[in-house]
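A quick note: this is a predicted structure, and the numbers were derived from the prediction, not measured.
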Amino acid sequence: TLITVFFFWGFLAASNGVFIPFCKEHFNLSQFQSQLIDLAFYLAYFVGSLALYLVERIMKIDFLNLIGYKMGIAYGLFVSAAGAIAMIGAVNIGNYWLILGSLFLIAIGFSLQQTCAQPFAIALGNPETGAHRLNLAGGINSFGTTIGPLIVSYFLFGGLAKNVQVEIGSVNQMYMFLAGLFIAVAIFFIFSNLPKITQDEHIESGRVELKYPQ
């Protein structure tokens with residue numbers, strides 16, 4: 001159940017490389033502008049994780065501990081689904097900046113999922129073999145990275161042939177499929193028998209992360 005989200009991260013992140021040429025041609029972008037697509041996606045990981053850290057430090061609450069890792073992943077999937085739905089509207093409107101914002105929102109959801117999923121994988125069993133489970137999840141993630149561009153190229157271009165005109169309908173279908181998939185997996189997570197794992201650790205005040213240079 002858990003490693004399905006690892007597949008999504010690799011699948012969609014690697015697929016940006018296929019989506020960039022479409023945006024570059026459709027919106028007549030410069031090379032710099034087209035690369036902002038990747039920047040918007042990966043910047044969300046930094047912004048989302050840092051924002052969660054700062055909110056928890058300022059409010060002195062452990063947000064993920066309140067809802068549990070399982071629900072954290074489910075909420076992250078719903079956020080990514082909202083981003084995929086927003087992408088459909090952005091492409092139809094033809095607004096490049098809304099497309100960047102939609103990708104940013106998808107990746108914000110991924111950021112929340114990743115924050116929960118890795119400690120969750122370690123907690124689902126003997127901690128001494130937690131690295132084994134993360135290695136398996138990492139392998140599934142790499143598998144998604146491998147086949148993602150191939151599948152997306154068939155969605156958008158109908159194959160690997162050159163000089164194929166991309167139809168807006170193909171982009172809409174792809175993101176409708178992704179939105180539905182994100183929502184379905186989120187519901188699957190909510191009703192699965194995965195335990196609600198929380199920690200009883202007290203949050204220390206101050207810059208305690210600097211106490212551990214390793």
>> Ring centres under 6.0 Å, that's the criterion: do F8 and F182 meet it?
In response: yes
> To the nearest 0.5 Å, how far apart are OG in S80 and CZ in F110?
Replying inline: 4.5 Å
>> Assess, by modelled atom type and distance only, whether the side chains of K24 and Q33 contain a donor and an acceptor separated by less than 3.5 Å.
In response: no
>> Applying side chain to side chain donor-acceptor pair (under 3.5 Å) to S49 and S111, what does each step give before you reach the verdict?
In response: CA-CA 6 Å; S49 300; S111 175; 3.0 Å; yes
> Okay, side chain of K70, backbone of S192: is any donor-acceptor separation there less than 3.5 Å?
Replying inline: yes
> Does the side-chain contact (heavy atoms from CB on, under 4.5 Å) test come out yes or no for L2 and I73, once each step is laid out?
Replying inline: CA-CA 9 Å; L2 182 59; I73 293 172; 3.4 Å; yes
> Can any side-chain N or O of Q113 pair as donor or acceptor with the backbone N or O of G109 at less than 3.5 Å?
Replying inline: yes
> To the nearest 0.5 Å, how far apart are CZ in F41 and CG in L36?
Replying inline: 15.0 Å
>> Using the rule that Ile, Leu, Val, Met, Phe, Trp and Tyr join whenever any side-chain heavy atoms are under 4.5 Å apart, tell me whether Y75 and F191 fall into a single cluster.
In response: yes
> Can any side-chain N or O of R57 pair as donor or acceptor with the backbone N or O of L52 at less than 3.5 Å?
Replying inline: no
> Are F188 and F120 linked, directly or through other ILVMFWY residues, by side chains that come within less than 4.5 angstrom of each other?
Replying inline: no
> Nearest 0.5 Å, what's the CD1-SG distance between I99 and C23?
Replying inline: 4.5 Å
>> Using a 6.0 Å cut-off, check whether atom CZ of F27 has over 12 heavy atoms from anything other than its own residue.
In response: yes
>> I need the I140 CD1 to N135 CG distance, nearest 0.5 Å.
In response: 12.0 Å
> Where does the angle between the aromatic ring planes of F7 and F143 fall among parallel (under 30°), tilted (30 to 60°) and perpendicular (over 60°)?
Replying inline: tilted
> Of the non-hydrogen atoms in A40 and F104, which two are nearest, and what is the gap between them?
Replying inline: O-CD1, 3.3 Å
> Are I58 and V55 joined in one hydrophobic group, where the rule is that I, L, V, M, F, W and Y side chains link up if heavy atoms are under 4.5 Å apart?
Replying inline: no
>> If hydrophobic clusters are built from ILVMFWY residues whose side chains come within less than 4.5 Å, do I37 and F32 share one?
In response: yes
> Checking side-chain contact (heavy atoms from CB on, under 4.5 Å) for the pair V5/F189: CA distance, chi angles, key distance, verdict?
Replying inline: CA-CA 10 Å; V5 293; F189 256 86; 4.0 Å; yes
>> Between L64 and I67, is there a side-chain heavy-atom distance shorter than 4.5 Å?
In response: yes
>> Measuring from atom CD1 of I122 to atom CG of L124, what distance do you get when rounded to the nearest 0.5 angstrom?
In response: 10.0 Å
> Does any N or O in the side chain of T145 come within less than 3.5 Å of the main-chain N or O of N141, such that one atom is a donor and the other an acceptor?
Replying inline: yes
> Do the side chains of Y69 and T115 get nearer than 4.5 Å, heavy atoms only?
Replying inline: no
> Below 4.5 Å, heavy atoms only, C-beta onward: do Y175 and I85 meet side chain to side chain?
Replying inline: no
> Where does the angle between the aromatic ring planes of F6 and W9 fall among parallel (under 30°), tilted (30 to 60°) and perpendicular (over 60°)?
Replying inline: tilted
> To the nearest 0.5 Å, how far apart are CG in L98 and CG in L103?
Replying inline: 11.5 Å
>> Before you tell me yes or no, could you show the steps for I108 and L112 under side-chain contact (heavy atoms from CB on, under 4.5 Å), namely the whole-Å CA-CA distance, both residues' side-chain angles and the distance that decides it to 0.1 Å?
In response: CA-CA 6 Å; I108 283 286; L112 179 57; over 6 Å; no
> Got a donor-acceptor contact below 3.5 angstrom from the E56 side chain to the F63 backbone?
Replying inline: yes
> Is there a path from L54 to L43 through hydrophobic residues (I, L, V, M, F, W, Y) whose side chains come within less than 4.5 Å of each other?
Replying inline: yes
>> If you compare all heavy atoms of G72 against all heavy atoms of C116, which two are closest, and at what distance to 0.1 Å?
In response: CA-SG, 3.7 Å
